[in-house]
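Because the structure is a prediction, the values reported are computed rather than measured. What you see below is based on every heavy atom in this structure, not just the backbone, and it leaves out hydrogens, waters and symmetry mates.
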Amino acid sequence: MAGAPRITFTTDYGLADGFVAACHGVIAGIAPAVPVVDVTHQVPPGDIRRGALVLAQTVPWFPVGSVHLAVVDPGVGTARRAIVLRAGGHLLVGPDNGLLMWAARELGGPTEIREIAAPALTLARISRTFHGRDVFAPVAAHLAAGTPFAEVGPALTDPTRPAEPVPGEVLTVDHFGNVQLAHSTAEFAGADTLRIEVGGRVLTVPLRGTFGEVAAGELVAYADSAGFLAISLNRGDAATLLGVRAGDRIDVRSG
């Protein structure tokens with residue numbers, strides 16, 4: 001059952017400037033009763049892949065009827081399109097650069113995609129460099145306030161899709177230094193330990209259910225809350241210890 005309309009908001013804008021607040025102001029002016037949930041504004045600048053992963057691992061937890069506004073847009077002001085996707089009863093608003101596609105897949109796949117082309121749904125004056133404020137935020141607000149999806153603009157069938165992760169790729173490193181990998185633990189069913197090779201080092205890491213099943217200061221592999229294989233350092237920072245960041249590769253095999 002659909003809940004009350006709400007908007008989630010994900011960007012790489014940071015919090016040192018007024019960009020996020022300006023978008024909130026636009027939304028409040030159009031849909032003052034619609035709550036806005038800030039997912040994060042700390043996506044690394046221009047990192048479409050990281051933004052796509054954050055969205056994909058977040059939006060399924062929101063009720064049907066939510067509108068997901070996402071702006072990681074290094075191509076702002078160029079020929080890249082502005083789009084809205086419908087997927088699983090949700091709407092996703094943002095640039096057509098792959099940012100929205102993995103989230104749509106997690107919601108069951110896009111059932112309809114439209115290019116934003118309705119002047120009535122954007123601000124009257126559109127900056128070449130701030131489509132978050134002038135295009136995406138007002139469109140998300142209008143949709144959350146009840147504007148029919150069909151009024152956004154023409155349908156399209158050729159959205160930009162991000163390159164899929166390769167096995168062993170570091171997908172994300174979270175605030176705690178946990179390393180999320182492009183593997184599932186199902187690939188290592190029955191294994192008690194994993195052999196990982198990274199930076200010329202070969203390490204044996206126990207495969208367990210949670211951090212506290214190893215001693216403080218020890219590495220552990222586990223299935224994280226998004227269903228991926230992850231490596232953690234109990235009471236520490238695994239990414240720093242291993243010397244990896246998003247996009248790096250770790251060779252993982254059953255121990």
Test side-chain contact (heavy atoms from CB on, under 4.5 Å) applied to T172 and R50, step by step: CA-CA 7 Å; T172 66; R50 171 63 174 168; 2.6 Å; yes
Going through the distances and angles, do V39 and T11 end up as a side-chain contact (heavy atoms from CB on, under 4.5 Å)? CA-CA 8 Å; V39 175; T11 76; over 6 Å; no
Remaining members of hydrophobic cluster (4.5 Å side-chain criterion), L107: V43, I48, L55, V59, V72, I83, L85, L92, L99, L100, M101, I113, L156
Please tell me if the side chains of E112 and L91 come closer than 4.5 Å, counting only heavy atoms from C-beta onward. no
Run the numbers on D158 and R81 for salt bridge (Lys or Arg N to Asp or Glu O under 4.0 Å), then give the verdict. CA-CA 11 Å; D158 60 341; R81 297 171 296 189; 2.9 Å; yes
Residue pairs involving residues 83-119 (criterion ring pair (Phe, Tyr, Trp, His ring centres under 6.0 Å); sequence neighbours excluded): H68-H90
Shortest non-hydrogen contact from A246 toward L171: CB-O, 3.8 Å
Taking NZ, NE, NH1 and NH2 as the nitrogens, is one of them in E164 or R105 under 4.0 Å from a carboxylate oxygen of the other? yes
Exercise: identify the closest heavy-atom pair between A137 and I27: O-CG1, 3.8 Å
Which residues pass the ring pair (Phe, Tyr, Trp, His ring centres under 6.0 Å) test with Y13, sequence neighbours left out? F19, F130
Co-members of the apolar cluster containing L207 [side chain, <4.5 Å]: V170, V173, V179, L181, F188, L194, I196, V198, L203, V205, L219, L229, I231, L233, L241, L242, V244, I250, V252
Restricting to pairs with a member in residues 211-231, which pass side-chain hydrogen bond (donor to acceptor under 3.5 Å, both in side chains), not counting sequence neighbours? Q180-D224
Shortest non-hydrogen contact from A104 to A87? O-CB, 3.8 Å
Does the side chain of E187 reach to within under 4.5 Å of the side chain of S254, using non-hydrogen atoms? no
Is the shortest side-chain heavy-atom distance between R235 and F211 below 4.5 Å? no
For A145 against A31, the heavy-atom pair lying closest together: CB-CB, 4.1 Å
The side-chain contact (heavy atoms from CB on, under 4.5 Å) partners of F176 (sequence neighbours excluded) come to D174, N178
Within a reach of under 6.0 Å around CZ of R195, are more than 12 heavy atoms found that belong to other residues, nucleotides or ligands? yes
Quick one: do D73 and N97 satisfy side-chain contact (heavy atoms from CB on, under 4.5 Å)? Show the steps, please. CA-CA 8 Å; D73 193 17; N97 58 13; 4.1 Å; yes
For residues 130-144, pull every pair meeting side-chain hydrogen bond (donor to acceptor under 3.5 Å, both in side chains), keeping only residues two or more places apart or in separate chains. R80-H131
Do side-chain atoms of D96 reach the backbone of T160 as a donor and acceptor pair under 3.5 angstrom? yes
Please determine whether a side-chain nitrogen of the Lys or Arg among D251 and R249 lies less than 4.0 Å from a carboxylate oxygen of the Asp or Glu. no
Residues pairing under side-chain hydrogen bond (donor to acceptor under 3.5 Å, both in side chains) where one sits in residues 14-26, two or more places apart or in two chains, turn out to be H24-D38
Connected via hydrophobic side-chain network under 4.5 Å: F149 and L121: yes
Shortest non-hydrogen contact from V214 toward P206: CG1-CG, 3.7 Å
I'd like to know if V84 and V76 are part of one continuous hydrophobic network [Ile/Leu/Val/Met/Phe/Trp/Tyr, side-chain heavy atoms within less than 4.5 Å]. no
Hydrophobic side-chain clustering at under 4.5 Å (ILVMFWY, transitive links): who's grouped with I30? Put none if nobody. V26, L123
Linking Ile, Leu, Val, Met, Phe, Trp and Tyr by side-chain heavy atoms under 4.5 Å, what else ends up with V37? F62
Polar side-chain atom of S66 near backbone of R6 as donor-acceptor pair, under 3.5 Å: no
Flag side-chain contact, heavy atom, 4.5 Å: V93 against L143: yes
Excluding sequence neighbours, so at least two apart, what forms side-chain hydrogen bond (donor to acceptor under 3.5 Å, both in side chains) with T10? none
side-chain hydrogen bond (donor to acceptor under 3.5 Å, both in side chains) pairs, two or more places apart, involving residues 199-210: D192-R208
Kindly indicate whether the side chain of H183, heavy atoms from C-beta on, has any atom under 4.5 Å from the side chain of F228. no
Indicate yes or no: at least one non-hydrogen side-chain atom of T40 is less than 4.5 angstrom from one of V54. yes
State whether the side chain of D12 and the backbone N or O of G46 hold a donor-acceptor pair below 3.5 Å, judged by distance alone. yes
Close side-chain approach of C23 to F136, heavy-atom, < 4.5 Å: no
Nearest heavy-atom approach of A52 to G98 is CB-O, 4.1 Å
Can you measure from CD (E197) to CZ (R253) and round to the nearest 0.5 angstrom? 7.0 Å
Do any N or O atoms from the side chain of E169 and from the backbone of V166 form a donor-acceptor pair under 3.5 angstrom? yes
